[in-house]
Amino acid sequence: MRLYNTLTRSKEPFVPAEPGKVRLYVCGITAYDLCHVGHARSAVVFDVLVRALAAQGLEVIFARNFTDVDDKIINRANELGEDPNALAQRYIQAFYEDMDALNVRRATLEPKATEHIDEMIQLCQDLIAKGAAYATPSGDVYFRVRAYQAYGELSGRNIEELEAGARVAPGEEKEDPLDFALWKAAKPGEPSWPSPWGPGRPGWHTECSAMSEKYFTLPLDIHGGGQDLIFPHHENEMAQTGASRGQALARFWMHNGFVQIDSEKMSKSLGNFKTIRDIIAQYLPETLRFFLITKHYRSPIDFTTQAMEEAEKNLIRIYTAKQAMEEALANQKWNKTPLPDDVLREFADIKALFDEAMADDMNTAAALGHVFGLVRLVNRVLEDKALRKSEQGKAFFEEAQDALAAWGDILGVFLQPSSGFLQQMRDVRGRRAGIDPARVEALLQQRQEAKKAKDFAAADAVRQELTLMGVEVRDTPQGPAWDVR
RNA sequence: GGCGGCAUAGCCAAGUGGUAAGGCAGAGGUCUGCAAAACCUCCAUCCUCCGGUUCAAAUCCGGAUGCCGCCUCCA
């Protein structure tokens with residue numbers, strides 16, 4: 001597998017340091033609010049990475065932390081008059097619910113900042129001992145950025161550039177505006193822990209370095225997160241570990257691109273903030289997951305109604321083929337019609353292309369293209385009356401199902417029973433379109449009666465009415481069915 | 001101002017040196033009482049523009065234009 005490494009700004013062959021085992025650490029959430037679609041993307045991207053690595057037979061030790069003490073949490077707790085820790089726990093719970101809906105697997109390790117205070121204090125002490133950090137009279141501890149030669153290597157910045165933008169907040173006692181907080185003295189009423197510098201709490205960047213070295217032999221194989229974390233978060237983590245331990249925190253740094261909403265940056269001020277919950281109230285969670293993997297993970301992706309509806313149609317196409325295969329396999333008598341060689345050849349090509357796409361820096365967009373290649377191939381065989389009932393066709397359908405299931409395991413989609421999924425999809429699309437299923441059923445009944453009476457004009461009139469409602473009638477051997485257009 | 005990214009058909013989107021995947025939409029056909037699904041065919045002589053390198057460039061280099069991100073909390 002080749003992966004793009006932010007550190008070297010190029011794709012590199014990925015080989016774990018320890019054969020067969022991958023040490024992966026991804027920055028998780030700060031638990032102060034509901035997760036938005038951006039969190040969903042990051043979670044899905046790295047979930048696919050974990051699944052893709054596992055599919056290659058690698059054992060993935062995956063840590064995803066929770067920041068459960070932080071300014072934002074404290075501020076929000078104060079606003080709501082809630083205990084900061086209780087608030088953080090509440091949002092961690094919400095995170096789990098959202099991730100479960102998106103079929104994002106739990107990480108192997110899910111360390112919380114508040115459970116690693118001692119380790120963070122130790123890291124601060126080590127950094128101070130090395131001259132890489134200093135404590136202030138008021139009990140803050142800062143990292144001495146200028147003392148760390150390699151600072152800026154991840155984000156491609158240098159000290160001079162950074163100086164212009166750096167600023168010192170009132171009350172901070174930094175030696176240099178570039179320095180960042182490793183430990184913050186507690187203000188009255190804030191959660192705090194005792195430390196050599198008095199009661200306080202960790203700075204944001206400290207936890208990832210401390211927890212990484214607690215749970216892993218450094219360097220990590222891969223450290224990941226959203227693109228926005230490159231600077232300053234990951235740059236600072238690197239500096240902390242580099243200065244304290246004299247070695248790299250991670251070999252590969254991976255960063256996913258942002259989600260935009262209707263071509264605009266998602267932000268609270270624009271009022272276009274989309275939580276996962278907002279979205280799955282309107283669409284199936286699988287639609288959101290599918291949408292998120294329709295584009296390469298490093299590119300920005302634009303969340304729009306049109307894109308979501310296209311994702312729905314794509315999923316319907318895949319699940320419809322899956323269902324059609326299931327129906328074909330329910331057949332009992334199989335004939336001897338041989339499957340043409342080109343079908344098997346094409347099938348083999350598609351499988352190879354899917355693997356290639358995923359091995360090339362997790363190109364899920366290309367991989368999905370090959371899923372559709374298989375869908376078309378399957379439908380083509382299904383279309384052939386003789387082949388559909390042949391022994392070799394049966395074997396092909398079974399292998400195609402296996403391929404689809406294997407790919408589904410990697411991508412985390414199209415894993416559900418097809419008929420249930422298609423039903424849910426119809427319901428959710430119908431709800432959005434304001435379609436009343438009872439009314440549809442009643443009209444369908446009317447049409448059936450008209451058809452029975454061979455009154456095709458009346459039957460077509462009903463169809464017309466349903467069409468205007470956005471309902472498509474489908475006559476099947478099992479009777480009439482309907483879908484939302 | 002500094003750093004970085006992106007520009008591919010009506011829309012979405014792969015493709016980083018060898019002559020444009022895939023999806024949606026659209027047109028025609030097969031199937032159907034009519035439809036739908038599905039299948040077949042068509043739909044970018046061309047990849048923002050201008051130069052250059054090369055036998056060969058959407059792909060590399062230089063320039064222009066446009067859009068976006070980061071530099072402050074942020075996935």
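In what follows, chains carry the letters A, B, and so on, assigned in the order in which the sequence lines appear, proteins first and then strands, with residues in each chain numbered from 1.
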Review point. Hey, does V45(A) reach any base, or is it just sugar-phosphate, or nothing, if we go heavy atoms under 4.0 Å?
Key: nothing

Check your understanding: Do F66(A) and F95(A) touch side chain to side chain, with heavy atoms closer than 4.5 Å?
Key -> yes

Check your understanding: What is the distance from CD1 of I261(A) to C1' of A75(B), rounded to the nearest Å?
Key -> 12 Å

Review point. For the pair made of NE2 in H205(A) and C1' in C73(B), what is the distance, rounded to whole Å?
Key: 10 Å

Exercise for review: Using modelled atom types only, decide if a donor and an acceptor are shared between the side chain of R277(A) and the backbone of L34(A) within a distance under 3.5 Å.
Suggested key: no

Point to revise | Between C74(B) (C1') and F258(A) (CZ): distance, integer Å | key: 6 Å

Practice item. Assign K451(A) to base, sugar-phosphate, or nothing according to its heavy-atom contacts below 4.0 angstrom with the strands shown. Key: base

Review point. Can E472(A) and T467(A) be counted as having a side-chain donor-acceptor contact under 3.5 angstrom?
Key: no

Exercise for review: Look only at the side chain of E235(A) and the backbone of G152(A), and say whether a donor-acceptor pair between them is shorter than 3.5 Å.
Suggested key: yes

Review point. Checking all strands, does D460(A) fall into the base, sugar-phosphate, or nothing category for heavy-atom contacts under 4.0 angstrom?
Key: base

Review point. Hey, is the side chain of N379(A) poking within less than 4.0 Å of OP1 or OP2 on C39(B), counting only N and O atoms?
Key: yes

Pairs: protein N or O with nucleotides 22-26 of chain B N or O, under 3.5 Å:
| unit_1 | atom_1 | unit_2 | atom_2 | d |
| --- | --- | --- | --- | --- |
| G23(B) | O2' | N314(A) | OD1 | 3.1 |
| G23(B) | O2' | N314(A) | ND2 | 2.1 |
| G23(B) | N2 | E310(A) | OE1 | 3.1 |

Exercise for review: May I ask you to say what Q260(A) touches in the nucleic acid, namely base, sugar-phosphate or nothing, with a heavy-atom cut-off under 4.0 Å?
Suggested key: sugar-phosphate

Practice item. Mind calculating the distance between CG (D262(A)) and P (C12(B)) to the nearest angstrom? Key: 12 Å

Review point. Between Q323(A) and S418(A), is any side-chain donor less than 3.5 angstrom from a side-chain acceptor?
Key: no

Point to revise | For atom CZ of F180(A) and atom C1' of C71(B), their distance in whole Å | key: 16 Å

Could you list, one pair per line, each protein nitrogen or oxygen that sits under 3.5 Å from a nitrogen or oxygen of nucleotides 13-18 of chain B, together with the distance?
| unit_1 | atom_1 | unit_2 | atom_2 | d |
| --- | --- | --- | --- | --- |
| A13(B) | OP1 | K295(A) | NZ | 3.0 |
| A14(B) | OP1 | H296(A) | N | 2.8 |
| A14(B) | O3' | N363(A) | ND2 | 2.7 |
| G15(B) | OP1 | N363(A) | ND2 | 2.6 |

Exercise for review: Return the value, rounded to whole Å, for the distance between atom CD1 of I230(A) and atom C1' of C70(B).
Suggested key: 8 Å

Practice item. Taking R289(A) for its side chain and L411(A) for its backbone only, find out whether a donor-acceptor pair lies under 3.5 Å. Key: yes

**Study point:** Short side-chain N/O contact to C70(B) OP1/OP2 from K265(A), under 4.0 Å
**Key:** yes

Practice item. Would you classify M308(A) as touching base, sugar-phosphate or nothing, given that sugar-phosphate means primed atoms plus P, OP1 and OP2, and contacts are heavy atoms under 4.0 Å? Key: nothing

Review point. Taking OP1 and OP2 of C40(B), is either one under 4.0 Å from a side-chain nitrogen or oxygen of R380(A)?
Key: yes

Review point. For R447(A), which contact category applies under a 4.0 Å heavy-atom criterion: base, sugar-phosphate, or nothing?
Key: base

Check your understanding: Going by atom types alone, do Y297(A) and D361(A) pair a side-chain donor with an acceptor below 3.5 Å?
Key -> yes

Review point. Taking atom P of C71(B) as reference, at what distance in whole Å does atom CG of L154(A) sit?
Key: 14 Å

Practice item. May I ask you to test the L154(A)-W253(A) pair for a side-chain heavy-atom distance under 4.5 Å? Key: yes

Review point. Tell me, which of residues 284-292 of chain A have any heavy atom that sits under 4.0 Å from an atom in RNA chain B?
Key: none

Exercise for review: Specify the separation, in whole Å, of atom CD of E235(A) and atom P of C71(B).
Suggested key: 13 Å

